[in-house]
Every structure is written in C-alpha cells, then in structure tokens.
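Report on the following structure.
Each chain gets a letter, A, B and so on, in the order the sequences are listed, and its residues count up from 1.
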Amino acid sequence: MRSWKLFCARSSGNLRAAMALIRASQYFLPTWKEDPAEAELPSHKLMLRAGMIRKLAAGIYTYLPLARRVLHKIERIIREEMEAIGGMEITMPMIHPAELWAETGRLQDFGPILGRFRDRAGREMVLGPTHEEVITDLARREIRSWRQLPLVFYQIQTKFRDEPRPRGGLVRAREFTMKDAYSFHESKEDLDRFYREIYQAYLNIFRRCGLSVVPVEADPGLMGGSESHEFMLPSPYGEDSFIHCENGDYAANLEGAVSLKDEDPPEPLLPLEEVATPGCYTIEAVAAFLGVPTRKTAKAVFYKTPKGLAFVVIRGDLEVNEAKLARALGTTELRPATEEEIAAIGAVPGYASPIGIRRNGVRVVVDDSIPKARNLVAGANREGFHLRNVNFPRDFQADLVADVAMARDGDRCPRCGGKLRVQRAIELGHIFKLGTKYSEAMGANFLDRAGKSRPLIMGCYGIGVGRLLAAVIEAHHDEAGIIWPENLAPFETVVSVLDPREPSLLNLGEELAFALARAGLEVLLDDRDQSAGEKFHDAKLWGIPVLVVVGPRAARQNQVELERRRDGVKVAAPAQPEAVVEKALELLRAGA
RNA sequence: CGGAGAGUAGCGCAGCCUGGUUAGCGCGCAUGGUUCGGGACCAUGAGGUCGGCGGUUCGAAUCCGCCCUCUCCGACCA
C-alpha cells in the first residue's frame, strides 16, 4: 500500500507533486448551501457560498484560500503581460503624507473618498486610493535625463477608497486590490507609442482571463489628461454604463459619449411672442399645454461651480450631462443650483429664460442642439408665461456653445449615423494619457536631448484585480456554481472519494490524485467524510474543471468516473493511474 | 447625502401588529450509532447581551426615542 507519508517523501519530484495535491479534509473550504441574504450579484453570492471571501465590514473583505489561488493565477497573467511591455514591478506605500496630495490639489478633489488619519506626531496621513503623487515624487527625485526614459513601473496592491456606496461584493469594494502602472516619457509621441502597447496588453490580459471586454473611449475625469480608455465587461449587474454603435465603430463611456443632433428642417424665424402658461413648471407640462413636441422647447438648467453660476440652455427633450458640462466649463466641481441661487440672478424657477437674464457672474452655456433648432418655446422669466419662437443667436447670446447633452439609447452614432445602444457593464480597466498634469504640479522635470528642462510626460493604467476576479465569475457560472476557465481554476481536478472510511477507496483516491499531481495538475483530494451529494455539489460550486469520482459502484468494476464541469460530459476510465491521468488531460485539453 | 428595507444561535428565517411560562423552526455544529453515487437517517447535546443605549410598564425581542450596522434604489464614482 502506498501511504500518504510515502507521497510526502522529500524527493524533489514527489515534493512538487505533494504541493500540488491538497486534501480537502485538511484545507479551509467553508461552503454554504443557501444563498446569503446580503448578496445580490451572482459573483458575490457564489464567492460567499464557495468559501472564497468573507466580509469584515461594508466593502471590506477577507480573501480565503480558494480565492487566493485564483488571484495568484490572475496576477501572474497580469505580471507576464506587464513585463512583456517593459513594466517593472515595485511596491509603493499604502500610507501617504497628506502634504503630497496637497501638492496636486487632489487632497481637496478626492474629498471624503480619501481615508485619512493622523500619526502620533499629529501629521495628517491618507490611505492611498491611487499612486500618481507617490510615483511622481519618486520620479522627481530619480529621473534627471531623457537617457533614463522611457520608464514603466507597476504594482499590485491594496487600495482604499471610502466610496459612498460600496455594493456587489468585490465589484465595488472600498478596500480592493488594484494593478496600477505608471509610465514616463520624453515625448508625447513616445507616450502615444506606449499607450498603444499597454492597450494591447490589457486586451491580452482580459482575453487570457476568458473575458470579452469592450474598450471604450472614456472621460479622464479627476485624473486629468487627454486620451483615456476604459475596458468594459458587458453585464446586467455592471456598476457602470457605456454607449456603443450597433455598427461597432464607436464605443464610449456615458460620461463622455457624443451623439448626433439633428438639425430642424428649415423654417422661417418667427417673431417672439409671449404666451400665458399658468402652472406649467416642467417641460412636459409646457409642451402639452401648448401642443408642441418637447424637442421644440428650450430648457434652462442651473449649476453652481466654484467660479459662479452656470446657466445651461438645452433642447427640452435632452438632458444635461454633468460630466461633459464640467469639462466644457473647465471645472471638476459642479452641482445643481438651489432655488435661492437661481432667484438671486433674477431668474424665475420654472419659467427661467435665457432672454433677459442678469449676465454678471453667470456663464451662459448653450448646448449645440440649440443653434440647430428653430422657433423654440422657452421661459419668459415671468411667472406663468413662456415665449414662443425663441431663436439663437437672434434672441440671446452665449458665453459658450458646447455639446453638454447626455447621449441616449437610440441616438445616432457620431461616426456613421448608426444606432447607439446603452449597455450596462463592469469597468475592469482604465488607461490614461496624463501628460504633464502631475509632473508640472510637482516639479518632476528632466533634461531633454537639447539640454532643456521639461516636465515628464506621463501615463497611468489601472486594473481592478478583485473586480476582475468577480467579473470572471459573472461571465462563467451556472445555477450550480462557478465554471472556471481552466487556466484560472483554483484546482484543475478534484478527486472525490465517496466513502473515505473505506480504506481501499481512500487508497485508490490517493493513488490517483498523486498520479494526477505528478502529471503536473493541481489536485484537490476530496477525502472529507461527507455524503456523496455534498461532494458533488461542492465540486460544482467550486467550479473545478474535472471531477474524478472514486466510488464503490464503479470501483466494483475496477473503474472510476470523470466528469467535466463545463458541459457535464462523463466518461469512465479503468481505475489505474495512467488511464485516469490520460482521461483527465483529455477532458482538460479538448476544446469546448 | 436623498428614498426604501433589514438587524433574533455560524447561515437562512418565524415570533413583534395585539407586552405575560423556559424565545422557536430548518440547515449547520458536537458525540454515539446506522448509512454511503447527486445537499442521508436515528438518538443525545452545545450554542442567544433578541444590534446598542435610554424610556414607558408590575413585566419589553414585542411599545416609544436616540444611536450604530448592513442591504437595495438614486446621487456620487481615478
């Protein structure tokens, strides 16, 4: 009889095999039969049920052994792809002095999302939500010359963001693992070159994790910079949305999405005319009262910015996209104005009009839908009255004409005129051309080829690793549990000994498991003294690609049974190590 | 931050409206036994500050107030 102790003998080949063989009876695999009340998303439920994660507080989780095994594989893929494009792994501190964040103004900009505390000396510290400041500090101390460039650093590290609303388990956590990378270049052209490389590396990473992600044009937002892309996994449970053209030539985050706005058919500009519209405080009410479609109206919307009030005029059937408006105004802080603030500039809420507004201290932003429209209905700036036949720029002027409208499902594509569709999605990665925003703010300069001191040109690139793990499960599961892609599975095979108290069965199971491990597979030997049904269910819940059943029924015929998780295909094999290894490899390697 | 809901054993829940024995049920857990191919069975047992604090009352899981935590929708989200 081959005893377990023999398997563990310290000959090197056996040691490696022994490390690839885990006994379930001695491992930590706390599974749940029932769905937890706290979870909504499939990935969240399954990670709790399969014993992968446990919650410590809202959005803060412990990763258990099963999750760690998968994470190691995901991280390995990420490292390979990052190293392949010249990335160098580093680890930066999680705790940063607040002063560093004050240098770029983001101590303010991030606001309450930043975790903060004081050290014993009373110095203000922050929990790093991202690392542009820290890496730029390193760069300004170390990089002197163009000869040192380009440089690409990355890390895989825990971040903390005190999000107002964590949700969906690992899809939106407060403490989470992120791969973040930062690149430094001597020229815009070199940044462009690297941006294309990392864009491709990201596609490789997600493909290798078995995911079909869609790269979309994104709004750089708080990060600053010019070009930016997000990598989205379409999912009904996504925390984000993007818009894409049915013809496949345009995809963008809703925050920055553009759609075509049709020009009204030409019609003569009619004279202004005041009409009574009692009690009509909304566009819908006015349009209905006057019997015109909402797109023949102009809506006035007010926002408060640090630089004063913004008065936005937009076609009545459209909504203002606050992210686009903020960018048009060159600010990051924007909120709807209060009734008092609106009244203070002489506007009448519900009947506000771009005509006759007090212009001092107010910026009038006209959406580009307005110049394309004719003879609109707008407020008269008098309670109970509207104006007909309002035309821009005949009747009022703008400080700024810009596209500040929210693109909608069904709108037309700005590239080809095709139909745009809104899709919910999980944002898995985000890449940015930062330019010199951080290097200028922090004085990170280098001497270029001409001997001139210039700010470093930077890019930054993130992947939510925990979110990626959850996304893989969102994309690969069924009612029974997870279905891991084979290269990410925590174990490649599970050998279930149905009656481990029967020594001959246990021995057979051990022998087969050891043979599989020696063949290079990671094996979970389910030697727990539990009912067969529980073992079958757990194997499915865990999503292990190949199940080897060592049970008395088949053993009587000197056989074992193998079952593939992905499609439930079952095959029998002689209860011999070589035969079982061969069948297992066959099931693993064979295409879907 | 706005709206909604929930906190009772490790998990899932009932009890609360209408206050009154020793706070229940299923799963899980422990021990013994019987089982052993798709979430077994029998027996015995352990396990509860009923989220916290305060109030009302002879008496509070139950009624009232404040607070905390968690979940969902929205706002927000490099």
Side-chain angles (χ1 to χ4, degrees), chain A residues 30-41 44-45 48-49 51 54-60 101 104 106 109-114 128-133 159 161-169 171-174 176 178 180 182 218-225 228 230 237-241 253-255 322-323 326 332-336 427 429-432 434 437-438 459-464 467 480-481 496-502 505-506 528-541 547-556 559-561 563 568 570 572:
Chain A
T31 56
W32 290 344
K33 195 186 297 185
E34 293 171 278
D35 274 342
E38 71 183 49
E40 201 76 7
L41 305 202
H44 189 192
K45 286 181 186 170
L48 287 166
R49 286 190 49 206
R54 289 294 182 259
K55 186 178 69 181
L56 178 64
I60 301 179
W101 282 76
T104 55
R106 291 163 107 203
D109 294 346
F110 262 87
I113 287 176
L114 272 185
T130 176
H131 283 71
E132 284 75 19
E133 280 78 1
K159 304 270 195 260
R161 293 182 192 176
D162 199 354
E163 296 281 356
R165 194 184 153 204
R167 66 188 97 172
V171 168
R172 176 137 152 179
R174 289 194 295 168
F176 57 99
M178 175 160 146
D180 46 328
Y182 307 88
D219 177 9
L222 248 190
M223 297 297 296
S228 171
E230 287 173 335
Y237 296 102
E239 87 299 347
D240 209 339
S241 292
N253 191 293
L254 263 189
E255 287 172 2
E322 294 185 12
T332 51
E333 275 178 80
L334 195 69
R335 62 165 174 79
E427 178 195 339
H430 202 159
I431 60 178
F432 302 82
L434 295 175
K437 169 171 170 167
Y438 297 89
C460 76
Y461 320 94
I463 289 180
R467 186 181 277 185
S496 259
V497 180
L498 294 190
D499 185 1
R501 287 191 293 185
E502 168 57 46
L505 277 184
L506 183 58
R528 297 174 302 168
D529 186 15
Q530 287 176 17
S531 75
E534 284 174 290
K535 294 184 182 190
F536 288 128
H537 279 268
D538 280 347
K540 286 195 170 152
L541 182 56
L547 167 65
V548 178
V549 183
V550 179
R553 200 175 68 191
R556 253 174 262 125
Q559 289 206 320
V560 296
E561 192 172 87
E563 180 175 344
K570 291 183 191 179

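Side-chain N/O atoms of A/Gln530 and base N/O atoms of B/G39 include no donor-acceptor pair closer than 3.5 Å. Contact of A/Glu534 with B/G28 (side chain to base): no donor-acceptor pair of N or O atoms is detected under 3.5 Å. Judged by atom type and distance alone, A/Lys570 reaches the base of B/G38 through a side-chain donor-acceptor pair under 3.5 Å.
Using a 4.0 Å heavy-atom criterion, one finds that A/Arg49 contacts the bases of the nucleic acid, with or without backbone contacts as well. Residue A/Glu34 is classed as a base contact, given a heavy-atom separation below 4.0 Å to a base. Residue contacts for A/Glu561: at a heavy-atom cut-off of 4.0 Å it reaches a base atom on one of the strands shown. In this structure, A/Glu563 reaches the bases: a heavy-atom distance under 4.0 Å links it to at least one base atom across the strands shown. Using a 4.0 Å heavy-atom distance criterion, A/Lys540 is classed as a base contact. Using a 4.0 Å heavy-atom criterion, one finds that A/Asp538 contacts the bases of the nucleic acid, with or without backbone contacts as well. Base engagement by A/Phe176 is indicated by at least one non-hydrogen atom pair under 4.0 Å involving a base atom. Within the nucleic acid shown, A/Ala554 comes within 4.0 Å of at least one base atom, counting heavy atoms only. Within the nucleic acid shown, A/Gly168 comes within 4.0 Å of sugar-phosphate atoms alone, with no base atom in reach, counting heavy atoms only.
Between A/Asp109 atom CG and B/C77 atom C1' there is a gap of 14 Å when expressed in whole angstrom units. Distance, A/Leu48 CG to B/U71 C1': 13 Å, rounded to whole Å. For the pair A/Glu239 CD and B/C72 C1', the computed distance is 16 Å after rounding to whole Å. The CG atom of A/Leu541 sits 14 Å away from the C1' atom of B/G38 (whole-angstrom rounding). As a whole-Å value, the separation of A/Arg167 CZ from B/A4 C1' is 15 Å. Rounding to whole angstrom units, NZ of residue A/Lys33 and P of B/C27 are separated by 8 Å. Summarising the geometry, the separation between CG on A/Leu506 and P on B/C36 is reported as 17 Å, rounded to the nearest angstrom. The distance between atom CD of A/Glu255 and atom P of B/C76, rounded to the nearest whole Å, is 9 Å.
Note that OG1 of A/Thr104 and NZ of A/Lys437 are 7.0 Å apart. Values are rounded to the nearest 0.5 Å. Rounding to the nearest 0.5 Å places CG of A/Asp180 at 3.0 Å from NZ of A/Lys159.
Between B/A75, B/C13, B/C77, one nucleotide has an atom nearer to the side chain of A/Ala37 than all others, and that is B/C13. Side-chain proximity of A/Phe536 to B/G28, B/C76, B/G38: nearest is B/G38. Ranking B/A75, B/G38, B/U71 by closeness to the A/Pro164 side chain, first place goes to B/A75. Residue A/Ala532 has its side chain nearest to B/G37 when only B/C27, B/G37, B/C76 are considered. Side-chain proximity of A/Asp499 to B/C36, B/U71, B/C27: nearest is B/C36. The nucleotide whose nearest atom lies closest to any side-chain atom of A/Val549 is, among B/G37, B/A75, B/G39, B/G37. Side-chain proximity of A/Ser531 to the nucleotides B/G12, B/U71, B/A40 is greatest for B/A40.
If you take atom C1' in B/G2 and the same atom in B/G20, they sit 42 Å apart, rounded to whole Å. Distance noted for atom P between B/G39 and B/G19: 45 Å (whole Å). The P atoms of B/U8 and B/A4 are separated by 22 Å, rounded to the nearest whole Å. As rounded to the nearest Å, B/U21 and B/C67 have C1' atoms that lie 33 Å from one another. Across B/G12 and B/C64, the matching P atoms stand 26 Å from one another, rounded to whole Å. A distance of about 26 Å separates the C1' atoms of B/C25 and B/U69, rounded to the whole Å. Rounded to the nearest Å, the gap between the P atom of B/A46 and that of B/G7 is 27 Å. Across the C1' atoms, B/C13 and B/U56 are found 30 Å apart, a figure rounded to whole Å.
A 3.5 Å limit on both hydrogen-bonding distances identifies no Watson-Crick or G-U partner for B/A14. Pairing for B/C53 is with B/G65, a Watson-Crick or G-U wobble pair whose two hydrogen-bonding atom distances lie under 3.5 Å. Remark: B/G45 base-pairs with B/C29. Criterion, Watson-Crick or G-U wobble with two distances under 3.5 Å. Across every strand in view, B/G5 sits in a pair with B/C70 that passes the Watson-Crick or G-U test at under 3.5 angstrom. Shown here, B/G39 forms no base pair; nothing in the strands shown gives a Watson-Crick or G-U wobble contact with both key distances under 3.5 Å. Pair assignment for B/U21 gives none, since no Watson-Crick or G-U wobble pairing has each distance under 3.5 Å. Within the shown strands, nothing qualifies as a pairing partner of B/A60 under the Watson-Crick or G-U definition with both distances less than 3.5 Å.
Salt bridge annotation for A/Glu132-A/Arg106: present, with a cationic side-chain nitrogen under 4.0 angstrom from a carboxylate oxygen. Using a cut-off of 4.0 Å between Lys/Arg side-chain N and Asp/Glu carboxylate O, A/Arg467 and A/Glu239 are scored as salt-bridged.
Looking at A/Arg174, its side chain never comes within 3.5 Å of a backbone N or O of A/Glu163 through a donor-acceptor pair. Using a distance-only test at 3.5 Å, with no hydrogens or angles considered, no donor-acceptor pair links the side chain of A/Thr31 to the main chain of A/Arg49. Without hydrogens or angle criteria, A/Lys535 side chain to A/Val549 main chain gives no donor-acceptor distance under 3.5 Å. Side chain of A/Tyr237 to main chain of A/Glu40: no donor-acceptor pair is present (N/O by atom type, distance under 3.5 Å, no hydrogens or angles).
In terms of position along RNA chain B, the nucleotide closest to A/Asp35 lies nearer the 5' end than the nucleotide closest to the other residue of the pair A/Asp35 and A/Thr31. Judged by closest nucleotide on RNA chain B, A/Pro552 is the one of A/Arg165 and A/Pro552 placed further toward the 5' end.
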Show your reasoning for whether side-chain contact (heavy atoms from CB on, under 4.5 Å) applies to A/Phe110 and A/Asp162. CA-CA 10 Å; A/Phe110 262 87; A/Asp162 199 354; over 6 Å; no

